[in-house]
Structures are given as structure tokens and as C-alpha cells.
Amino acid sequence: MHEGADYYLPAAVLGAALLVKLPALVRGWRSATVRTVNALLLLPCAGFVLSSPPTITAVNRLTGISNLSALLVHCILTVYACASLVLLDYWRAESVDCARTRRRVRVWKAGCCVVITALVGLFALGEVPVERPRDFDTYYATTPFISAMLVLYLLGYVAAGVATTVVCWSWLLDIGRRTAGQETRTAGDRSLQIGLLVLVIAALANIVFGSFKLTAIAARWAGRDWDALNESLSPFISASGMMIGVGLLVPAYGPALIDRVWHPLLGIRALRPLWRLVSVSGLPPGSRMFLPPPWYAGPEQVLLYRMTTIHDWMLALCVHCTDEVREAAYRQAKESGAAEREAVAAGLAAMFTAAEARARTVPPAPEQGSLALAAVCSAEAADRDLLVSVSRALAVAPGRRRIAAPGGSFACR
């Protein structure tokens, strides 16, 4: 089993991903895109298992047909290349049901069926009595019919790599032209660009791999022994297959991961200075509306809890706020050359920091609370990421500033 570990490990990873996707496959079985995505997980998983030397030996003994695994692997890789091109067509098309997409998909499927039929026919006509789990291609490179099967398979493999490269690269250029004038790109565009770039790299690797195999076979025809080209690159084919799987999965799952994991994590990090201040001061009794999330909570839940807690903390501190502190900090930031958004955030940061210290010694002043609440509402209307702006104002404040206000001075951290 240790001999085939480099094949079984990627197969196990792809198999686990397929199990995770199984409920979605059951729910969306009627969707051609869903079926194709799951096929692109199943096919390389089966290919890696059947390519492993222990599995090759077991299949040959079970069926009584020598080197049958080689034919199965070649057919699986042919279907895999076809499914990759089909999925790219589905993704790029405005609708899976459009006539042009259906025609292109039929062409890919028809070509795949022709190649597989030819592979099976040539294998049946040839003779491969000696079991060769690792060097089947070069060992039988001069055998009648089998050599034609190998060349056909590799030419189809290289052609699929070239087609994938052309399609993905032209698609990348189209996305670049479409988003050139946009200040920010959507999570879908970023995920798609990453996935397409990975697919281009993997497809180029497949082209190189297939070309080297063809070169080794041609060397056998010329009476030379260049088998090292085939043997040295064989371990890298598993990495290439994994890269194709990653490139196909990133556009499908990348936007959700960016929106539900990456962006919330960035938000949690940006709110850290303000959350630290809230954690130190705490909320007055009875003002907490939600229980803290459990340790296994996702980033979205943690971010929602922290934003809600910070809002509750601000509302509770409004009666201790002094608007003169906010005005002084705002004017100071403007005089320092800060933008309007940064100056407003600096004023609110100073006001709430001062209010946190004031709440310990000074009784609440409801008339001041209404002014503070109005200032917060006005700032939220102009800045949708107000909490992040206030948190950044706390983080970049140089040292401890003393802001004068009626009734004393307060430290603005």
C-alpha cells in the first residue's frame, strides 16, 4: 500500500470533497453544471485509484485481462478533459440552455466518444501480455495497435490542454477588460480569475507532460531509450490533476468563502482596537442583547456579535458623551489634513473614549446623550463602515492625546 501512497492520497482528498458535495448533487441533479462539477471530482479520484500500481495488479488479476487498468485510466482522463471543457462552456455561457452552448457541448461529447471508442478498439486489437504498472506507455510504444492507441490518447490529452489554455486565457483577458474601469472587483470576479489562472498553469503542465510522453514514445520508434522523460514526470501528473480540481472548484466556492469567511475575518481584525476598548469597559447590566457566540461559531456570527455589542456599548455610553470633545477632536483632525470621513471617525473615537472614562466618575447627562446619538446617526448615514473607521481612528491615534472639555480633560487613546 505504501507503494501507491502518492496516488491514494490525492484520491482520498478528492473523494472527501465529493462526499461533501453529495447533498448538493442530490438536490441539484437536474442541473448540468452541478453534474459536471461532481464528475470532475469523481473522475480524477477514480483515475488516481486505478493508476496506482497495487490497484493495477488487483484489476488485472480480477478481470484476467493484462494491463486493463491502463485502458481504463486513458478513457477516464479523456472523459475528464472533455468534462473540463464542458464546464468551462457552461460557466462562460449566459445560459446553459442557449443554442451555441449546447452545440459546443455536443461537439466535445461527440469527440470524447469517438476517442474512447478508438482507444477500446485499438486495445482489443493489440497484445499486451506483460503487466507494466509504471511504464506501460514506453514499453508498448512499438507494439502494433497499442502504439496507435497511445498516440491517439496523448494527442487528445495535449489537444484538450491546448483548448483549455486558450479558453481560460481568453476568458481572463475578457474579465480584465471588463473590470479595468472598476475601482473594486466582486468576489465572483476575483475567484474566477484565480481559478482560471490555476487552470492555465495546470493545462500548460499537462501539455508539457503529454509532449514529453510523446517524445519518449517517438524515441522508442527511433530505437532510442528516453524512458526517463516518462518516468521522471509521472509523479507530477497527480499534482497537475489536483491543480485542475482546485481551479474548477475555486470559482464555484470562492465567492462564498470570500463573503462568509475572508471578509468577516478582515472585519474582525479591523474592529480589534474598538473591541478591545469595549472589552475593557464592558456593558452596563441589562444592556447586552445577545449571548456570546460559542467557540465553534463561524466568522460571520462572531463579527455580527461584536458589531451588535459595540452598538449596544455606544448607546449605553451616549448619556456620558460630551459633544465638545467630539468637536475638538474633529477640528484637530481636519487641521492635520485628514479627510472628512477620517475626521468624523476621529471625533467619535475621542468622544466615546472620553465617555468611557467619564462614566466611572460623572453622573449621566441625558441632554448630552441626544447630541451624541444624533452625531452617531449622522455619521452612520455618511459612512456605512463607521465602526471600522472609528476603530482605525483608535488604532492610529499617536500615543495619548489630552482633549480639553468642560469639567476636565479626558485621555483619547
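What you see below is based on every heavy atom in this structure, not just the backbone, and it leaves out hydrogens, waters and symmetry mates.
Pairing each heavy atom of Leu348 with each of Val376, the nearest pair is CD2-CG2, 4.2 Å. When all heavy atoms of Tyr8 and Thr55 are compared, the closest pair comes out as OH-OG1, 2.6 Å. Of all non-hydrogen atoms in Lys334 and Ala343, the two that sit nearest each other are CD-CB, 3.4 Å. Summarising the geometry of Arg326 relative to Ala375, their closest heavy-atom pair is NE-CB, 3.6 Å, with the distance given to 0.1 Å. Of all heavy-atom pairs spanning Ala316 and Val319, the tightest one is O-CG2, 3.7 Å. Taking each heavy atom of Gly347 and Ala329 in turn, the nearest pair found is CA-CB, 3.8 Å.
Side-chain atoms of Val344 and Asp383, non-hydrogen and from C-beta on, never get closer than 4.5 Å to each other. Looking only at side-chain heavy atoms (C-beta outward), Ser191 and Ile258 come within less than 4.5 Å of each other. With a 4.5 Å cut-off on side-chain heavy atoms, Leu88 and Cys168 count as touching. Arg272 is not listed as a side-chain neighbour of Ile268, based on a closest heavy-atom distance of 4.5 Å or more. Under the 4.5 Å side-chain criterion, counting only non-hydrogen atoms from C-beta, Val325 is in contact with Thr322. The side-chain heavy atoms of Phe123 and Ile65, taken from C-beta on, include a pair separated by under 4.5 Å. At least one side-chain heavy atom of Leu155 sits less than 4.5 Å from a side-chain heavy atom of Leu214. Leu196 has its side chain out of reach of Gln193: every pair of non-hydrogen atoms, C-beta onward, lies at least 4.5 Å apart.
A cation-pi geometry, defined here as NZ or CZ lying under 6.0 Å from the six-membered ring centre and within 45° of its normal, holds between Arg35 and Trp29.
Under a 3.5 Å cut-off, the side chain of Ser211 and the backbone N or O of Ile207 do form a donor-acceptor pair. Side-chain N or O atoms of Ser391 include none that pairs as donor or acceptor with a backbone N or O of Leu387 at under 3.5 Å. Of the possible donor and acceptor atoms, none in the side chain of Ser52 sits under 3.5 Å from a partner among the backbone N and O of Tyr7. No donor-acceptor pair closer than 3.5 Å links the side chain of Thr36 to the backbone N or O of Ala83. A donor-acceptor contact shorter than 3.5 Å links the side chain of Asn60 to the backbone of Asn67.
Here the CG-OG distance, from Leu40 to Ser84, works out to 4.5 Å after rounding to the nearest 0.5 Å. For the atom pair CG (Leu271) and CD1 (Ile310), the distance works out to 4.5 Å, reported to the nearest 0.5 Å. Atom SG of residue Cys112 and atom CD1 of residue Ile116 lie 3.5 Å apart, to the nearest 0.5 angstrom. Remark: Arg331 CZ to Ser336 OG distance equals 12.5 Å, nearest 0.5 Å. The CG atom of Asp137 lies 7.5 Å from the CE atom of Met149; values are rounded to the nearest 0.5 Å. Atom-to-atom distance recorded for Leu197:CG and Leu172:CG is 6.5 Å, nearest 0.5 angstrom.
Evaluation of the side-chain hydrogen bond (donor to acceptor under 3.5 Å, both in side chains) rule for Glu327 yields no partner, not counting sequence neighbours. Looking at residues two or more places apart in sequence or on another chain, you find a ring pair (Phe, Tyr, Trp, His ring centres under 6.0 Å) between His74 and Tyr153.
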Evaluate side-chain contact (heavy atoms from CB on, under 4.5 Å) for Val167 paired with Asp89, printing each intermediate quantity in order.
CA-CA 9 Å; Val167 170; Asp89 276 335; 5.5 Å; no
Carefully, step by step, assess Arg190 and Val250 under the rule side-chain contact (heavy atoms from CB on, under 4.5 Å).
CA-CA 10 Å; Arg190 287 195 295 268; Val250 165; over 6 Å; no
Test Glu380 against His311 for side-chain contact (heavy atoms from CB on, under 4.5 Å), laying out the working first.
CA-CA 11 Å; Glu380 283 183 331; His311 272 292; 2.7 Å; yes
Would you please test Leu22 and Asn38 for side-chain contact (heavy atoms from CB on, under 4.5 Å) and show each step?
CA-CA 8 Å; Leu22 193 58; Asn38 283 271; 5.8 Å; no
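Counted by atom type alone, Ser389 and Glu342 present zero donor-acceptor pairs between their side chains at under 3.5 Å. For the 3.5 Å distance criterion, the side chains of Glu340 and Tyr330 qualify, holding a donor opposite an acceptor.
Applying the 6.0 Å contact sphere to CZ of Arg178 captures more than 12 heavy atoms from other residues, nucleotides or ligands. Atom CH2 of Trp171 sits in a crowded spot, with more than 12 heavy atoms from other residues, nucleotides or ligands closer than 6.0 Å.
Taking the six-membered ring for Trp and thresholds of 30 and 60 degrees, Phe352 and Trp313 have ring planes inclined between 30 and 60 degrees apart.
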